[in-house]
Amino acid sequence: MAKYIFVTGGVASSVGKGITVASIGRLLKARGLRVSVQKLDPYINVDPGTMSPYQHGEVYVTDDGAETDLDLGYYERFLDLSTSQANNVTMGRIYKDVIDKERRGDYLGATVQVVPHVIDEIKSRMLELANTGKYDVVITEIGGTVGDIESQPFLEAMRQLKLQLGPKNAMNIHLTLVPYIKSASELKTKPTQHSVRLLLEIGVQPDVLVCRSEKALSKEIKHKIGLFCNLSDADVVGLRDAETIYEVPLLLHEEKLDLLVLRKLGIKDSGAVDLSDWEEFSHKVKFPKDGTLRIALVGKYAEYPDAYKSIFEAFVHAGAANDVKVLVKLVRSDDIEDGNITLDEAMRDVAGALVAPGFGNRGIEGKIAIIKYARERNIPFFGICLGMQCAVIEFARHVCGLEGANSTEFQKRPKHPVIDLMESQKTVKEKGGTMRLGSYPCVIAEGTKAFQAYGKVLITERHRHRYEVNNAYREILARNGLVFSGLSPDGELVEMIEIPSHRWFVGVQFHPELKSRVHSVHPLFNAFVAEAKKLRDEKISRESLKETIEA
Ligand code: GLN
């Protein structure tokens, strides 16, 4: 039978619950346990797919096409596992299921209520992963902060399950913030005490506290927290701020959190745990041998980096693989469009440009201008989803001479609709969960940069889009030098493009960033960063040559 860890958060949001959960999972996996992780979100949207990135950050898409919370990205990257719809459940989905059941007559005769019907539905979702028999431990992250009105039903479901399953089978880890008050030069425990009191009010005694703080917690502070929260000192774990998120599993291991969890859940300690690969990776991230490399990330949500979370992380992985630290320079595409920043300013100090995914026409012309700049100056370019579509528009306009080329997403009836709604999308009316979503195969043409990167012909990647390259324009695009390096197996959909005469100009209709992992860097990010590094080194040697001549 699987064991359960429920992770709740207190005091404040953004304390790092997702990363803590992923780290606990990583540590248990390093101890040979089969672990899965689930996130429960308190909002009423059935999934985050219909939310703006400003509201929610990136929407993380799983292989099975679920649009989920970005924390699932951390679970996948840290635990090297593939998540699915079952790993992310929102309150909206719970209510929808309950209401659907009511309409079907499943509760005939009963008054359908939060208690017991909604709570029972939550409990069955909590048990869903464990019931597959595939896991020893299931970690459930409860979104929001204890005390929020909207997460109450989740907490009640946790309370009931803890009771039902018994102490050795389920536990609660509560993550809090212990703020450092500068004027008093002190870490303050009171918010943690209050947050535990809120949990106690609903009948849950946390088994372990993880206390995030700017500085390490002293023994005395741990004792004080334990005393007022009904815990022994050993059950209070400190988590000080780390330089990179990749250190978090190591910090929690130093604090013996993994051993504590094993003891609480009555799991036999199998002995040594090997985290050397993780140490090595985290060292590489912190101290790369070959310095830094700047890459422009061009998108309309540039002031809100959470919208591009997986892209940032993929750059960390690719940086480690290439012994450099990738510094991402966020460029707002509308700033280029509005003339707030010139193309030279945007591109001056970078060795490559990635044009980001997105929706709607704001900032599109800025993206197209950046792409033209990178194409004409032979600067490594990587276009993802909308970024690839913009590259096709740019190529059509400026290389094929198709003036007025555009996507029907941005203009109703463009003169040349080089990007158009997919056939399968034309009858779609509902917005939620109806894009082309999830994992699809793609066939790569040999002899291309794409093939060089992947080293194979058949790949699968995850998608989230409604528009595609218009096949009516494939011939003219190809005639002018655009190569369709990746196609759907039936040849109908263009999945990858490139320009062979350019040093590295690649666009993809899918989202490679979603599949980059700590231990398996994504081949395209790897190749893009490698090429950008080459350009950086060429620039450096050109400049030093110039200096020598001038001297
Ligand atoms: N808006 C574009 C489409 O729907 C691109 C989507 C994306 O970048 N994820 O096709």
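Remember, it's 1-based here, ligands and their atoms both numbered in the order they're listed. The shown structure was predicted, so the numbers you read here are calculated from the model rather than taken from an experiment.
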Identity and separation of the nearest protein heavy atom to atom 10 (O) of ligand 1: Y467 N, 2.9 Å

Heavy-atom nearest neighbour in the protein, as seen from atom 5 (C) of ligand 1, with distance rounded to 0.1 Å: G358 O, 3.3 Å

Polar side chain donor-acceptor pair, T90 to D47, under 3.5 angstrom: no

Ligand 1 atoms in contact with R464 (distance to a heavy atom under 4.0 Å): 6 (C), 7 (C), 9 (N)

Pairwise side-chain contact, N361 with Q411, heavy-atom cut-off 4.5 Å (strictly under): no

Check ion pair R362-E337 (N to O, under 4.0 angstrom): no

Subset of ligand 1 atoms that lie under 4.0 Å from at least one heavy atom of R466: 3 (C), 4 (O), 10 (O)

Those atoms of ligand 1 less than 4.0 Å from some heavy atom in F359: 1 (N), 4 (O), 6 (C), 7 (C), 9 (N)

Donor-acceptor contact present, side-chain R517 to main-chain L81, <3.5 Å: yes

Subset of ligand 1 atoms that lie under 4.0 Å from at least one heavy atom of E409: 1 (N), 2 (C), 3 (C)

E492 bridged to R474 by N-O distance under 4.0 Å: no

Q389 to ligand 1, any heavy atom closer than 4.0 Å: yes

Close approach, H511 and ligand 1, non-hydrogen under 4.0 angstrom: yes

Ligand 1 N/O within reach of C385 N/O, cut-off under 3.5 Å: no

Ionic contact status for R348 with E345, cut-off 4.0 Å: no

Side-chain touch Y43/M91, heavy atoms, less than 4.5 angstrom: no

